[in-house]
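Below you'll find the structure, written out as structure tokens, and then a few comments.
Bear in mind the structure is a predicted one, so any value in this text is a computation, not a measurement.
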Amino acid sequence: MDVEYNITYITLSGHVEMNKYRYLYFSFMFTVYVLIIASNATIVYLIWIHKDLHEPMYIFIAALLFNCALYSTAVYPKLLIDILSEKQTISYSACLFQFFTFYSVGCSELSLLAAMAYDRYVSICKPLRYPTIMRKTTVSILLVVSWFVPACHIAVQVILSFQTKLCNFDLKGIFCNNAIYTLQCVKPRAATLFGAVILLDNLALPMLFTVFTYTRIFIIAHQSCKDFRRKAFETCLPHLLVLISVSCLGAYDGILPRVESDVPKTARFIMTLQIILYHPLFNPIIYGLKMKEIFKHLKKLFSRNKM
């Protein structure tokens, strides 16, 4: 009987009026997904082909936007299939894989933002030592750590969840996020303890490091000339906006499964959509418009296409 829990299917019951609005949902979500992939891929492509953008800051931006595409791809293809299907179901193993992809990529975003903050700190506060500190090897190590450490942490949670008995097969959501814990009869103590480790290592520490680093930058900038303050503000503002966006997203995703039983289904559906709609589009817009060098190449690209 225990084996059946591992191969059984879970119903994704968070959809609203699927039969009535099926094609409207599909058209909207497909359009959003195409926009996400196109906008993020465009900026990654520009950074890839232009040698003047082959600097640590832009490499980290490309990694962050690549993350956005992965983050969306973990959810949208399955969501689009579900919209066109009569029943919205997923196997528990596939659900855990979606959970792993979604959160490992999501957690790595905070690690990448911390790496970007360190890069900006060295660039602004220690400009003479920047070439020796931010070498290709350093950038490569920061990228590997940013992707590998969160993936290992989330993998442990997935393994622990896979071994846990389920008492509920009705997931009140449209994809497999933290709500999977509501399916388990009893959440293992090891999973709870390791969840605290994940919060500390992959969320709290990178966020605190990033805030501390930018605080140091702004203190030094405040003590410097007006032109220095302006340049520091211009280069740090996009990263801070993205940090605020991803922090709000993480808090929202963590709170939603805990309050979902207290809100109407339609409201819960709309709230769940917020997790996957705005942030993957927000990042390329911010970096495309606020980073002068990227914006310059974007203008050239679109003006060339018009011709």
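- Nearest heavy-atom pair, Ile174 versus Gly14, reported as atom, atom and distance to 0.1 Å: CG2-C, 3.7 Å.
- The main-chain N or O of Cys236 is never found under 3.5 Å from a side-chain atom of Arg120 such that the two would form a donor-acceptor pair.
- Within the 4.5 Å cutoff, the side chain of Leu171 has heavy atoms near those of the Leu183 side chain.
- When each of Phe102, Tyr103, Phe97 is checked for a ring pair (Phe, Tyr, Trp, His ring centres under 6.0 Å) with Phe99, only Tyr103 meets the rule.
- The closest donor-acceptor contact from the side chain of Ser108 to the backbone of Val105 lies under 3.5 Å.
- A search for ring-ring contact (aromatic ring centres under 6.0 Å, His included) contacts involving His54 returns nothing, not counting sequence neighbours.
- When side chains are defined from C-beta on, Asn202 does not count as touching Leu110, because their heavy atoms never get closer than 4.5 Å.
- The hydrophobic cluster containing Ile159 does not contain Leu96, counting ILVMFWY residues as joined when their side-chain heavy atoms lie under 4.5 angstrom apart, directly or transitively.
- Ile81 and Met18 fall into different hydrophobic clusters, where Ile, Leu, Val, Met, Phe, Trp and Tyr side chains are chained together by heavy-atom contacts under 4.5 Å.
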Give every donor-acceptor pair under 3.5 Å between a side-chain atom in residues 23-31 and any protein atom, sequence neighbours left out.
{"residue": "Tyr25", "atom": "OH", "partner": "Val16", "partner atom": "O", "Å": "2.7"}
{"residue": "Ser27", "atom": "OG", "partner": "Tyr23", "partner atom": "O", "Å": "2.8"}
{"residue": "Thr31", "atom": "OG1", "partner": "Ser27", "partner atom": "O", "Å": "2.7"}

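- Relative orientation of the His50 and His297 rings is parallel, given thresholds of 30° and 60° on the angle between their planes.
- In this structure, OG in Ser140 is found 11.0 Å from CZ in Arg135, a value given to the nearest 0.5 Å.
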Per-pair distances, 0.1 Å, donor-acceptor, side chain in residues 68-77, under 3.5 Å, sequence neighbours excluded:
{"residue": "Tyr71", "atom": "OH", "partner": "Ile275", "partner atom": "O", "Å": "2.7"}
{"residue": "Ser72", "atom": "OG", "partner": "Cys68", "partner atom": "O", "Å": "3.1"}
{"residue": "Thr73", "atom": "OG1", "partner": "Tyr33", "partner atom": "OH", "Å": "3.0"}
{"residue": "Thr73", "atom": "OG1", "partner": "Ala69", "partner atom": "O", "Å": "2.7"}
{"residue": "Tyr76", "atom": "OH", "partner": "Ile276", "partner atom": "O", "Å": "2.7"}

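- Listed by chain and number, the residues in a ring-ring contact (aromatic ring centres under 6.0 Å, His included) with His15 amount to none (sequence neighbours excluded).
- Nearest heavy atom pair, residue Ser39 against residue Leu281, reads OG-CD2, 4.0 Å.
- Taking CD1 from Ile198 and CD from Gln157, the interatomic distance works out to 4.0 Å, rounded to the nearest 0.5 Å.
- Under the 4.5 Å side-chain contact rule for hydrophobic residues, Leu237 and Leu64 share a cluster.
- Looking at Val242 and Glu109, their side chains come closer than 4.5 Å, going by heavy atoms from C-beta outward.
- Side-chain N/O atoms of Gln184 and Asn168 include no donor and acceptor closer than 3.5 Å.
- Within the 4.5 Å cutoff, side-chain heavy atoms of Ile294 are placed close to those of Ile47.
- Transitive grouping of hydrophobic side chains (ILVMFWY, heavy atoms separated by less than 4.5 Å) brings Val44 and Leu35 into a common cluster.
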Could you check Leu112 against His239 for side chain to side chain contact (heavy atoms under 4.5 Å, CB included), going step by step and ending with a plain yes or no?
CA-CA 10 Å; Leu112 287 170; His239 309 314; over 6 Å; no
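- Between Thr210 atom OG1 and Leu243 atom CG the span is 5.5 Å, to the nearest 0.5 Å.
- Taking a 4.5 Å side-chain heavy-atom cut-off between Ile, Leu, Val, Met, Phe, Trp and Tyr, the cluster of Phe148 extends to Val144.
- In terms of the salt bridge (charged side-chain N to carboxylate O under 4.0 Å, His left out) criterion, Lys126 has no residue partners (sequence neighbours excluded).
- Shown here for Arg129 and Thr132, the closest heavy-atom pair between the two residues is O-OG1, 2.8 Å.
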Between Ile220 and Arg216, is the side chain to side chain contact (heavy atoms under 4.5 Å, CB included) condition met? List the steps.
CA-CA 6 Å; Ile220 293 172; Arg216 289 282 300 154; 4.2 Å; yes
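- Residue pairs meeting the salt bridge (charged side-chain N to carboxylate O under 4.0 Å, His left out) criterion with at least one member in residues 64-78, sequence neighbours excluded: Lys78-Asp82.
- Scanning for salt bridge (charged side-chain N to carboxylate O under 4.0 Å, His left out) contacts around Glu17 gives an empty result, with sequence neighbours left out.
- Between the side chains of Ser13 and Asp170, a donor-acceptor pair is found at a separation under 3.5 Å.
- Through direct or relayed side-chain contacts under 4.5 Å between Ile, Leu, Val, Met, Phe, Trp and Tyr, Val145 connects to Ile141, Val149.
- Taking 4.5 Å as the limit, some side-chain heavy atom of Ile180 sits within range of a side-chain heavy atom of Cys95.
- With hydrogens and angles ignored, the 3.5 Å screen pairs a side-chain donor or acceptor of Gln98 with a backbone N or O of Cys176.
- Between Phe295 and Lys292, every side-chain heavy-atom pair lies at or beyond the 4.5 Å cut-off.
- With rounding to the nearest 0.5 Å, the separation of OG in Ser123 from CE in Met57 is 7.5 Å.
- Taking CD1 from Ile43 and CD1 from Ile61, the interatomic distance works out to 8.5 Å, rounded to the nearest 0.5 Å.
- Considering every non-hydrogen atom in both Pro238 and Tyr287, the closest pair reads CB-CE2, 3.9 Å.
- When side chains are defined from C-beta on, Leu241 counts as touching Phe282, because their heavy atoms get closer than 4.5 Å.
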Dump the intermediate steps for side chain to side chain contact (heavy atoms under 4.5 Å, CB included) on Tyr214 and Leu240, then the final yes or no.
CA-CA 8 Å; Tyr214 282 123; Leu240 285 174; 3.4 Å; yes
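- The shortest distance between side-chain heavy atoms of Tyr92 and Leu166 falls below 4.5 Å.
- Applying the ring-ring contact (aromatic ring centres under 6.0 Å, His included) test to His279 and every residue at least two apart in sequence or in another chain returns nothing.
- In this structure, Ser91 contributes its side chain and Ala94 its backbone to a donor-acceptor pair below 3.5 Å.
- Counting only residues at least two apart or in different chains, disulfide bond (SG atoms under 2.5 Å apart) contacts with residues 103-152 are absent.
- Between Leu143 and Ala63 the shortest heavy-atom distance is CD2-CB, 3.7 Å.
- The line from CD1 of Ile133 to OH of Tyr121 is 9.0 Å long, rounded to the nearest 0.5 Å.
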Test Trp48 against Leu46 for side chain to side chain contact (heavy atoms under 4.5 Å, CB included), laying out the working first.
CA-CA 5 Å; Trp48 179 273; Leu46 289 175; over 6 Å; no
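- In terms of hydrophobic clustering, with Ile, Leu, Val, Met, Phe, Trp and Tyr side chains grouped at heavy-atom distances under 4.5 Å, Val197 and Leu208 are assigned to different clusters.
- The minimum heavy-atom distance between Phe162 and Ser93, with the atom names listed, is CE1-CB, 4.2 Å.
- Looking at residues two or more places apart in sequence or on another chain, you find a side chain to side chain contact (heavy atoms under 4.5 Å, CB included) between Met134 and Pro56, Phe60, Tyr118, Asp119, Val122, Tyr130, Thr138, Val139, Leu142.
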